[in-house]
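As a basis for the values below, the full set of heavy atoms in this structure was taken, side chains included, without hydrogen atoms, waters or symmetry mates. First the proteins, then the strands, lettered A, B, ... as listed; each starts at 1.
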2 protein chains.
Amino acid sequence: MSKITITDVARKAGVSVSTVSRVLNDEKYVKAEKKDAVLQAVAALNYKPNLYARSLGGEKSFLIGLLFDDPSGGYLSDMQRGAMKACQRAGYHLVVELFNQDNKEGIDRFLDTLSLQGVILAPPVCDNPQVLDALAKRNIPVVRISPSEDYEGTASIGIDNYKAASILVNYLISLGHSKIGFIKGDPDHADAIERHQAFTDSMKKHSLTINPEWTRVGNYTFESGLNCAIGILSNPDRPTAIFASNDEMAASVITIANKFGIRVPEDLSIVGFDDLAIATLISPSLTTIHQPVEKMAELAVERILDLRNSDDEEFYEPQILESEFVMRRSTTNAPVIGSK
Amino acid sequence: MSKITITDVARKAGVSVSTVSRVLNDEKYVKAEKKDAVLQAVAALNYKPNLYARSLGGEKSFLIGLLFDDPSGGYLSDMQRGAMKACQRAGYHLVVELFNQDNKEGIDRFLDTLSLQGVILAPPVCDNPQVLDALAKRNIPVVRISPSEDYEGTASIGIDNYKAASILVNYLISLGHSKIGFIKGDPDHADAIERHQAFTDSMKKHSLTINPEWTRVGNYTFESGLNCAIGILSNPDRPTAIFASNDEMAASVITIANKFGIRVPEDLSIVGFDDLAIATLISPSLTTIHQPVEKMAELAVERILDLRNSDDEEFYEPQILESEFVMRRSTTNAPVIGSK
DNA sequence: AAACTCTATGAAAACGCTTTCATTTATGCT
DNA sequence: AGCATAAATGAAAGCGTTTTCATAGAGTTT
């Protein structure tokens with residue numbers, strides 16, 4: 001079967017090409033009966049409009065970009081799933097691209113040749129000024145997922161890190177823990193700072209002292225977590241709970257605890273953050289905070305699409321979603337002092 | 001700055017539009033000097049050809065599709081990275097799409113409106129006859145990654161599961177293990193069958209008996225692995241090593257072993273398969289087989305692009321890559337009988 | 001040196017839509 | 001009833017490329 005074009009549909013429906021186009025784009029000023037006729041013809045011929053022609057003629061592109069540094073982060077699959085679903089619903093498609101420091105060329109082409117409807121930025125590239133500038137210059141709508149910093153003229157979707165971290169700390173305290181260690185994330189990320197701030201504030205609020213020996217700075221990787229955990233746990237005086245700023249580092253703590261013969265959670269409670277896949281693959285499973293990344297990406301796509309109709313200023317309003325506290329097996333009551 | 005078109009370039013270079021197009025597409029029959037002039041003009045104007053116009057005019061599309069069922073599998077991020085890199089190098093872009101059983105509509109549109117240069121199919125959707133038929137009907141080049149079954153008229157890239165599994169088993173045997181358990185993957189997948197076959201063959205070759213009590217069938221998920229591990233390890237007579245058909249199920253075995261107070265690897269050696277992220281996040285880290293998924297995806301893209309030039313029949317030749325045996329901490333010599 | 005075959009180039013016709021512009025037909029208001 | 005305005009429609013002009021077609025010049029072969 002040869003390609004079916006809009007002309008075929010027009011002929012079959014007994015209207016002009018323009019009318020068919022109008023129906024396809026859901027414009028007003030089309031009589032209901034003609035609209036029906038067109039729709040019927042479309043269905044009968046199984047007509048699929050050519051995306052390239054549509055893009056070339058009009059100014060939409062039906063493509064949304066998703067840009068990331070490194071696709072290995074566990075949350076990315078969730079994010080991407082959300083974005084794909086939302087695109088699918090709207091008849092759009094998701095083009096993914098890797099940001100390489102060394103391949104500035106690639107992303108230029110990505111932005112210049114594709115004339116994307118909008119771009120979604122995953123962390124940590126969502127905070128890369130180079131990328132943000134490139135987008136700003138081209139005037140492409142941008143939605144940033146879980147950004148660390150603010151950036152003029154972009155939309156953002158995230159959670160309240162401070163609040164979520166506070167919940168974790170308060171939970172540990174409610175279990176009777178008073179000797180609590182903390183492993184900080186990459187200090188370049190605002191979220192790491194917020195989580196840390198929540199920790200110190202909550203401790204202070206409960207009049208608990210923070211032992212500097214039990215506070216270490218990692219960079220969100222498993223390896224960095226190992227060092228932090230060793231540093232904290234090789235102390236003769238050990239905390240009874242550790243707040244790791246993400247799940248990977250929490251996994252490191254479990255690994256080291258095992259190695260040191262420290263039982264988790266009986267001797268040591270551990271909380272993570274993010275609820276990545278490891279959180280349930282590891283033993284014991286992690287008490288952590290679940291970020292609705294899939295939802296975030298869905299919303300990101302929707303915001304870009306909404307922009308088409310109502311190019312409101314509200315697009316730029318940062319959006320904060322609720323995170324979810326997930327209680328699993330890595331936490332329990334503080335061991336009773338001097339017991340056993 | 002207003003959009004720069006091919007006409008601008010032509011004017012600047014003092015040639016016709018056709019010539020510019022020829023240079024852009026690297027066609028022959030263009031004098032070196034003119035070609036230089038064009039290239040220079042392109043650089044000077046920072047001209048980026050409009051992808052939609054190119055696609056509409058010609059028959060290429062500069063887009064390659066990547067289709068998967070479920071983006072949560074750990075290997076997907078690697079795969080996608082490989083595909084993105086290869087696309088970037090070639091000036092192509094990667095469009096990702098989720099295959100939903102319930103959203104047949106979505107993939108139809110994916111295939112019909114985008115006129116993709118080719119489609120890469122990740123497992124397990126690479127074995128979905130519905131999808132394969134849809135692609136065949138549209139005559140779109142298909143490359144399948146790690147497929148289970150053969151399918152006429154598609155290219156495929158995979159590893160030799162039998163060989164890789166044999167290496168694992170032989171390694172365990174070489175460590176002195178003779179009591180080896182096996183957790184099979186989803187029996188619907190050919191790779192699960194091949195890995196199992198390698199196990200039985202290797203055992204037989206070394207005159208070792210296979211204890212049916214120690215052989216369980218899972219479905220590649222962590223949960224299914226838990227049940228299998230419990231089944232095997234609650235036996236009074238326990239194996240000293242277990243071959244889990246993938247890393248997730250190997251992780252389950254470690255979890256259960258911990259719970260049962262069985263030391264890994266001192267009392268029980270464990271091997272996995274795939275070398276997903278968990279393999280190194282878990283403690284002890286897993287001895288396993290690394291599949292070069294990233295490489296596979298790169299090759300997949302390249303094969304699709306090659307097809308443009310030399311539309312050879314060799315495209316359909318299945319491609320088998322070398323896998324890599326990765327020795328980590330989850331395996332050690334078999335415990336000496338009656339020792340301690 | 002006539003008759004061919006390549007090589008090189010530009011003009012103009014597609015490609016399949018959207019959008020502007022002009023025109024006709026309906027509706028609302030005095 | 002008459003005029004202004006809004007609704008509905010089609011013809012035709014883009015959109016920015018690629019590709020076909022036509023043509024001219026440069027080598028080759030007889």
**Q** Is the backbone of A:S55 close enough, under 3.5 Å, to the side chain of A:S61 for a donor and an acceptor to pair up by distance?
**A** no
**Q** Not counting sequence neighbours, which residues clear side chain to side chain contact (heavy atoms under 4.5 Å, CB included) with A:A297? List them please.
**A** A:M79, A:A83
**Q** Going by side chain to side chain donor-acceptor pair (under 3.5 Å), name the pairs with one or both residues in residues 132-147 of chain B, residues two or more places apart or in two chains.
**A** B:D108-B:R138, B:D112-B:R138, B:D127-B:R144, B:D133-B:Y151, B:R144-B:T154, B:S146-B:Q291
**Q** B:V131 and side chain to side chain contact (heavy atoms under 4.5 Å, CB included): which single residue from B:L111, B:I107, B:V142 fits?
**A** B:I107
**Q** Tell me which residues in residues 29-39 of chain A put a heavy atom below 4.0 Å from DNA chain D, sorted by number, or none.
**A** A:Y29, A:V30, A:K31, A:K34
**Q** Are side-chain N/O atoms of A:Q80 and B:Q80 paired as donor and acceptor at under 3.5 Å?
**A** yes
**Q** Looking at B:R303, B:R89, B:K85, B:R81, which one forms a side chain to side chain donor-acceptor pair (under 3.5 Å) with B:E298?
**A** B:R89
**Q** Please state whether the phosphate of D:dG10, meaning OP1 or OP2, lies under 4.0 angstrom from any side-chain nitrogen or oxygen of A:T19.
**A** yes
**Q** Tell me which residues in residues 109-116 of chain B put a heavy atom below 4.0 Å from DNA chain C, sorted by number, or none.
**A** none
**Q** Testing A:V293, A:V143, A:I120, A:I320 one by one against A:I157 for a side chain to side chain contact (heavy atoms under 4.5 Å, CB included), which residue passes?
**A** A:V143
**Q** Less than 3.5 Å apart, any donor N or O on the side chain of A:D69 or A:Q101 sitting next to an acceptor on the other?
**A** no
**Q** Give me the first and last nucleotide of DNA chain C, going 5' to 3', that has any atom under 4.0 Å from a heavy atom of chain B.
**A** C:dT7 to C:dG16
**Q** Going by the rule ring-ring contact (aromatic ring centres under 6.0 Å, His included), which residues pair with B:F99 if we only count those two or more places apart in sequence or in a different chain?
**A** none
**Q** B:T113: what forms a side chain to side chain contact (heavy atoms under 4.5 Å, CB included) with it, not counting sequence neighbours?
**A** A:K48, A:L51, A:H93, B:R109
**Q** Considering residues at least two apart in sequence or located in another chain, which fulfil the ring-ring contact (aromatic ring centres under 6.0 Å, His included) criterion with B:Y52?
**A** none
**Q** If the condition is side chain to side chain contact (heavy atoms under 4.5 Å, CB included), which residues does B:K12 pass it with, not counting sequence neighbours?
**A** B:A41, B:A44, B:L45
**Q** For every nucleotide of nucleotides 16-25 of chain D, 5' to 3': is a protein heavy atom under 4.0 Å from its base (B), only from its sugar-phosphate (S), or from neither (-)?
**A** BBBBB-----
**Q** Just to verify, what does B:D191 make a side chain to side chain contact (heavy atoms under 4.5 Å, CB included) with, not counting sequence neighbours?
**A** B:S148, B:N161, B:H189, B:R195, B:Y220
**Q** Quick check on the helix from C:dA1-D:dT30 to C:dT30-D:dA1: what's the angle between its two end axes, five base pairs per end, to the nearest 10°?
**A** 30°
**Q** Taking atom types as modelled, find out whether B:S18 and B:S21 have a side-chain donor-acceptor pair closer than 3.5 angstrom.
**A** no
